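Below: the structure, in structure tokens.
As a basis for the values below, the full set of heavy atoms in this structure was taken, side chains included, without hydrogen atoms, waters or symmetry mates. Being a predicted model, the structure only gives us computed values, none of them experimental.
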Amino acid sequence: MQKDKLTHVSLISRVLLGFLFIYHGLVPKKLWLSAVEVHLVSTSALGVPAKIASPLVGIVEIVLGCAIIFLNKSNIPVYIAVAILLLLLLSVAVASPMYSIGAFNPITTNILGLGFCYLILFVDKA
């Protein structure tokens with residue numbers, strides 16, 4: 001019974017974490033390029049215009065989100081998510097701290113994503 005509950009927690013955490021990456025890869029990067037995305041790309045050291053970089057990054061996020069959900073026997077996508085979320089958290093906090101104070105900001109989103117990563121990894125080790 002306990003194992004079933006832990007499996008359920010892992011599954012829900014994977015779906016929510018996957019949704020986080022799929023949504024952020026699709027909506028503000030592919031469907032409607034947001035002004036925030038344009039600004040974040042312009043402050044990065046990529047040297048690529050946001051109209052090119054954001055949709056490409058969006059595809060990577062969508063693929064990662066799907067991998068988190070559907071490759072549920074592997075934690076590799078979850079570890080990749082941890083690295084990406086930490087990197088984005090630090091880059092936004094340093095390069096564009098003004099986005100840290102708004103509603104539904106990258107800080108809260110990334111910390112919640114890291115929380116889902118923790119739950120997945122914790123349950124899978126149990």
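The side chain to side chain donor-acceptor pair (under 3.5 Å) search around Ser10 returns Asp124, not counting sequence neighbours. In this structure, Tyr79 has no ring-ring contact (aromatic ring centres under 6.0 Å, His included) partners at least two apart in sequence or on a different chain. With sequence neighbours excluded, the residues forming a side-chain contact (heavy atoms from CB on, under 4.5 Å) with Ile52 are Val48, Pro49, Leu56, listed by chain and number. Considering only residues two or more places apart in sequence or on other chains, Ser34 meets the side-chain contact (heavy atoms from CB on, under 4.5 Å) condition with Pro28, Val36, Glu37. Residues satisfying the side-chain contact (heavy atoms from CB on, under 4.5 Å) criterion with His8, sequence neighbours excluded, are Ile12.
The cluster map of Ile, Leu, Val, Met, Phe, Trp and Tyr, joined by side-chain heavy atoms under 4.5 Å apart, puts Val92 and Val82 in different clusters. Hydrophobic clustering (ILVMFWY, side-chain heavy atoms < 4.5 Å, transitive): Leu26 and Leu20 are in distinct clusters. Neither Trp32 nor Val38 shares a network with the other; the hydrophobic side chains, linked directly or stepwise wherever heavy atoms of I, L, V, M, F, W or Y lie under 4.5 Å apart, form separate groups for each. Following chains of ILVMFWY side-chain contacts shorter than 4.5 Å, one cannot reach Val123 starting from Val15, and the two form parts of different hydrophobic clusters. Under the 4.5 Å side-chain heavy-atom criterion for Ile, Leu, Val, Met, Phe, Trp and Tyr, Ile22 and Ile80 are members of distinct hydrophobic clusters.
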(message) Using side-chain contact (heavy atoms from CB on, under 4.5 Å), reason through Ile84 and Leu87 one step at a time and then give a plain yes or no.
(response) CA-CA 5 Å; Ile84 289 171; Leu87 180 67; 5.7 Å; no
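Residues Leu40 and Ser96 approach most closely at CD2-OG, 3.6 Å, considering heavy atoms.
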Donor-acceptor list for residues 60-74 side chains, cut-off 3.5 Å, not counting sequence neighbours:
| from | atom 1 | to | atom 2 | distance (Å) |
| --- | --- | --- | --- | --- |
| Glu61 | OE1 | Gly25 | N | 3.4 |
| Glu61 | OE1 | Lys29 | NZ | 2.8 |
| Ser74 | OG | Ile76 | N | 3.2 |

Give every donor-acceptor pair under 3.5 Å between a side-chain atom in residues 106-119 and any protein atom, sequence neighbours left out.
| from | atom 1 | to | atom 2 | distance (Å) |
| --- | --- | --- | --- | --- |
| Thr108 | OG1 | Asn105 | O | 3.0 |
| Thr109 | OG1 | Asn105 | O | 3.0 |
| Asn110 | ND2 | Leu85 | O | 3.3 |

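Here side-chain hydrogen bond (donor to acceptor under 3.5 Å, both in side chains) pairs that include residues 39-51, with residues two or more places apart or in two chains, are His39-Tyr99. Screening residues 75-84 for salt bridge (charged side-chain N to carboxylate O under 4.0 Å, His left out) gives no qualifying pairs among residues at least two apart or on separate chains. Counting only residues at least two apart or on different chains, no salt bridge (charged side-chain N to carboxylate O under 4.0 Å, His left out) pair has a member in residues 99-110.
In the hydrophobic clustering, Ile101 connects to no other residue, as no ILVMFWY side-chain heavy atoms lie under 4.5 Å from its own. Side-chain heavy-atom separations under 4.5 angstrom define the hydrophobic clusters, and Val57 shares its cluster with no other residue.
In this structure, Ser13 OG and Leu6 CG are separated by 10.5 Å, a value rounded to the nearest 0.5 Å.
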